[in-house]
Amino acid sequence: MSIRSAHEGDLPEILDLDRKAFPDDPYPYFVLRQYFDGYSDRILVLDDGKHLHGYVLFVTTSDGSVCWVLSLAISTERRGRGLGRRLMLEVMRQSRQERVHEVRLTVEPANTAAIMLYESLGLSAEDGVRRDYFGPGEDRLLMSLKL
Ligand SMILES: CC(C)(COP(=O)(O)OP(=O)(O)OC[C@H]1O[C@@H](n2cnc3c(N)ncnc32)[C@H](O)[C@@H]1OP(=O)(O)O)[C@@H](O)C(=O)NCCC(=O)NCCS
C-alpha cells in the first residue's frame, strides 16, 4: 500500500471514501474538486495499485506556521491496521520538513477511535470541547501538537 499525492482521476474514489466515513456531512464534490485544483499535493491517498483505501487532506497557513489536518478517512474494511497512523505520520513528516511549527485538527468529541489515534501521535486537546465550533450543535475538540 503506497502513499502518494492525489491525481484528478482519484476524485470519485476519494468522494466515495469521504461519503462512507462521514455519511452525515460529506464534502460536496465541488468543494473537493476546488480543493484539489488548488492543493493537489495536500491530498494524500493510500493506493494498493487497484483501489484507494484512505485519504488525508491538509493545508498549511499562509505564514507557513500551522498545518491543519482537515480530513482523514480510512475505508471501513481496512480500519485498525495502522493506515490512519501512516497517513498522519506522513503529514507530520512533511510538516517538519517544511518547518511548520504546529499541527492542528478538530474532531467530534465522541469519535473515540480518532481521538485515540491523535493522542497516540502526541496531539492533545488543551482547551476542552469548543461549543458550536462548526455551527449550532456541532461541537468539536481542537487538538494540536507543537512539532
Ligand atoms: C479514525 C480513523 C482514521 C483511524 O484510522 P485506522 O487506520 O483505523 O487507525 P489505525 O489502525 O492507524 O490506529 C492507530 C491508533 O488509533 C487508535 N484507534 C484506532 N481505531 C480505534 C478504535 N476503534 N478504538 C480505539 N482506538 C482506536 C489506536 O490508538 C490505534 O493504535 P493501536 O493500533 O496501536 O492500538 C478511521 O477509524 C476512520 O476513517 N474513521 C472514520 C472517519 C473519521 O472519523 N476520521 C477522523 C475525523 S477527525
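Atoms within each ligand, like the ligands themselves, are counted from 1 in listed order. Sequence positions, counted from 1, serve as the residue numbers for this chain.
Salt-bridge formation is not detected for the pair Arg79/Glu77: no Lys NZ or Arg NE/NH1/NH2 atom is positioned less than 4.0 Å from an Asp or Glu carboxylate oxygen. The pair Arg4-Asp10 meets the salt-bridge criterion, since a charged nitrogen lies less than 4.0 angstrom from a carboxylate oxygen. Salt bridge Glu102/Arg104: present, at least one basic N to carboxylate O contact under 4.0 Å.
Heavy-atom contacts from other residues, nucleotides or ligands closer than 6.0 Å to NE2 of His7 number more than 12. The environment of CZ in Arg93 is crowded: more than 12 heavy-atom neighbours from other residues, nucleotides or ligands sit within 6.0 Å.
Protein residues having at least one heavy atom under 4.0 Å from any atom of ligand 1 are Ala21, Phe22, Leu72, Ala73, Ile74, Arg79, Gly80, Arg81, Gly82, Leu83, Gly84, Arg85, Thr106, Val107, Asn111, Ala113, Ala114, Met116, Leu117, Tyr118, listed by chain and number.
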Extract all donor-acceptor atom pairs below 3.5 Å that involve side chains of residues 109-129 and protein atoms in other chains or at least two apart in sequence.
| unit_1 | atom_1 | unit_2 | atom_2 | d |
| --- | --- | --- | --- | --- |
| Asn111 | OD1 | Ala114 | N | 3.3 |
| Ser120 | OG | Arg85 | NH1 | 3.0 |
| Ser120 | OG | Arg85 | NH2 | 3.4 |
| Ser120 | OG | Leu117 | O | 2.7 |

